[in-house]
2 protein chains.
Amino acid sequence: MREQTQNAFRALADPTRRDIVQLLASQDMTIAQLTEQFDMTRAAVKKHLTVLSDGGLITVEARGRERLNRLEPNGMGPVLDWFSYFDQFWDDRLNNLKEAIERKSK
Amino acid sequence: MREQTQNAFRALADPTRRDIVQLLASQDMTIAQLTEQFDMTRAAVKKHLTVLSDGGLITVEARGRERLNRLEPNGMGPVLDWFSYFDQFWDDRLNNLKEAIERKSK
DNA sequence: TTGACATGATACCTTTTGGTATTATATTTA
DNA sequence: TAAATATAATACCAAAAGGTATCATGTCAA
């Protein structure tokens, strides 16, 4: 599972891919829909999606001739697990994040 | 500050650099000490440290002819901020992390 | 001061990465 | 069925990344 962690971190290293993740957080999208949002070819976007898929961050569902790209809810797991390793350093940060979330959920 | 986020994510994309971060979490180390832990030259380790520094994840303190590399406590800030954007998706994950931390602090 | 030590800087090489262009395949739809 | 649509796959290219070797610089110690 070490490989999965590496692939996930690698997937997040590119700004375009992080943007794709944010877009897919609001709704599932086809390659064509995603490509509209960027200044690059569909082939380039497809490559990014492959990297995101390798990282376990998205899944693809075939719907007729379309393919719906969907964020994988558990995809960030390995990444967040890695961060949780630094309790003594990041506890404060994580607590801030926690509090922000709690504030919103009220 | 968009640049800082990118540099931090980029810094974390390499497994050697993540290992360096983990090593520095336990104690500050010189390049020579870090190099002992890896199968590569000092120059290569130095490059990784430069990337980590660019990402704001470490700072360097000159001590005589040595340079002590130290983890920057707030360095992960931009990265964790980015993750906090996905409340609706990652809340559960973050809550699990939060609970694990709370359990430990008891 | 001279030599050893710790690091910095640079040139160079190979592989990976991010992108395009092009061609192929599968699915609708007129 | 034929044309249009949505995507996949491949070859190719320039730039960035990760590494080594080598040389330069600054500091400590005899």
Side-chain angles (χ1 to χ4, degrees), chain A residues 2-24 27-72 79, chain B residues 2-24 27-72 79:
Chain A
R2 196 84 185 124
E3 187 84 359
Q4 193 71 348
T5 302
Q6 170 55 23
N7 286 343
F9 268 106
R10 184 207 162 209
L12 292 173
D14 183 89
T16 299
R17 287 194 291 268
R18 288 197 304 280
D19 287 345
I20 290 176
V21 168
Q22 291 201 333
L23 287 169
L24 294 182
Q27 63 170 323
D28 301 345
M29 295 175 83
T30 64
I31 291 193
Q33 289 175 313
L34 283 167
T35 303
E36 287 174 15
Q37 307 295 322
F38 299 98
D39 187 26
M40 64 183 71
T41 63
R42 214 182 24 227
V45 173
K46 163 64 177 169
K47 280 196 178 180
H48 284 304
L49 289 172
T50 299
V51 174
L52 286 167
S53 178
D54 289 347
L57 300 184
I58 66 170
T59 55
V60 186
E61 180 191 350
R63 280 182 76 85
R65 65 182 157 184
E66 296 185 339
R67 267 138 191 86
L68 219 47
N69 298 277
R70 165 173 303 135
L71 211 53
E72 169 58 44
V79 174
Chain B
R2 197 84 186 122
E3 188 84 359
Q4 193 71 349
T5 303
Q6 171 54 23
N7 286 343
F9 268 106
R10 183 206 163 208
L12 292 174
D14 183 89
T16 299
R17 288 195 290 267
R18 289 198 304 279
D19 287 345
I20 290 175
V21 168
Q22 293 201 333
L23 287 168
L24 294 182
Q27 62 171 323
D28 302 344
M29 296 175 82
T30 65
I31 290 194
Q33 289 174 313
L34 282 168
T35 303
E36 288 175 13
Q37 306 295 322
F38 298 98
D39 187 27
M40 64 183 72
T41 64
R42 205 166 10 108
V45 173
K46 165 65 177 170
K47 281 196 179 183
H48 284 305
L49 289 173
T50 299
V51 175
L52 286 167
S53 178
D54 290 346
L57 300 184
I58 67 169
T59 56
V60 186
E61 181 191 349
R63 279 181 75 85
R65 63 183 157 181
E66 298 186 339
R67 268 138 191 85
L68 219 48
N69 298 278
R70 165 173 304 136
L71 210 53
E72 168 57 43
V79 174

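By convention in this document, chain letters (A, B, ...) are assigned in the order of the sequence lines, proteins followed by strands, and residues within each chain are numbered from 1. Computed from a predicted structure; not experimentally measured. What you see below is based on every heavy atom in this structure, not just the backbone, and it leaves out hydrogens, waters and symmetry mates.
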Is the phosphate of [N], meaning OP1 or OP2, less than 4.0 Å from a side-chain N or O of [X]?
X: B:His48; N: D:dA17; result: no
X: A:Arg42; N: D:dT7; result: no
X: B:Thr16; N: D:dG18; result: no
X: A:Arg63; N: D:dA6; result: no
X: B:Arg17; N: D:dG18; result: yes
X: B:Lys46; N: C:dG8; result: yes
X: A:Thr41; N: C:dT20; result: yes

What is the distance, rounded to the nearest whole Å, between atom [atom1] of [X] and atom [atom2] of [N]?
X: A:Leu34; N: C:dG19; atom1: CG; atom2: P; answer: 14 Å
X: B:Ile31; N: D:dT20; atom1: CD1; atom2: C1'; answer: 15 Å
X: B:Met29; N: C:dA6; atom1: CE; atom2: C1'; answer: 15 Å
X: A:Leu49; N: C:dG19; atom1: CG; atom2: P; answer: 12 Å
X: A:Glu36; N: D:dT5; atom1: CD; atom2: P; answer: 14 Å
X: A:Ile58; N: D:dT7; atom1: CD1; atom2: P; answer: 13 Å
X: B:Gln6; N: D:dA16; atom1: CD; atom2: P; answer: 13 Å
X: A:Arg10; N: C:dT16; atom1: CZ; atom2: C1'; answer: 8 Å

Per atom distances to the A:Thr30 side chain, the nearest of D:dT7, D:dG18, C:dT17 is D:dT7
Considering only heavy atoms and no angle criterion, is a donor-acceptor pair shorter than 3.5 Å present between the side chain of A:Arg65 and the base of D:dT5?
-> yes
How far apart are the closest heavy atoms of A:Arg10 and B:Ala13, and which atoms are they?
-> CA-CB, 4.4 Å
Quick one: on DNA chain D, does A:Lys47 or A:Asn69 contact a more 5' nucleotide (nearest heavy atom)?
-> A:Asn69
Heavy atoms, side chains only, cut-off 4.5 Å: are [X] and [Y] in contact?
X: A:Met40; Y: A:His48; answer: yes
X: B:Arg17; Y: B:Val51; answer: yes
X: B:Arg70; Y: B:Leu24; answer: no

Between A:Glu61 and A:Arg67, is there a salt bridge with N-O shorter than 4.0 Å?
-> no
Using heavy atoms to find the nearest nucleotide of DNA chain C for A:Arg67 and A:Ala43 separately, return the residue whose nucleotide is more 5′.
-> A:Ala43
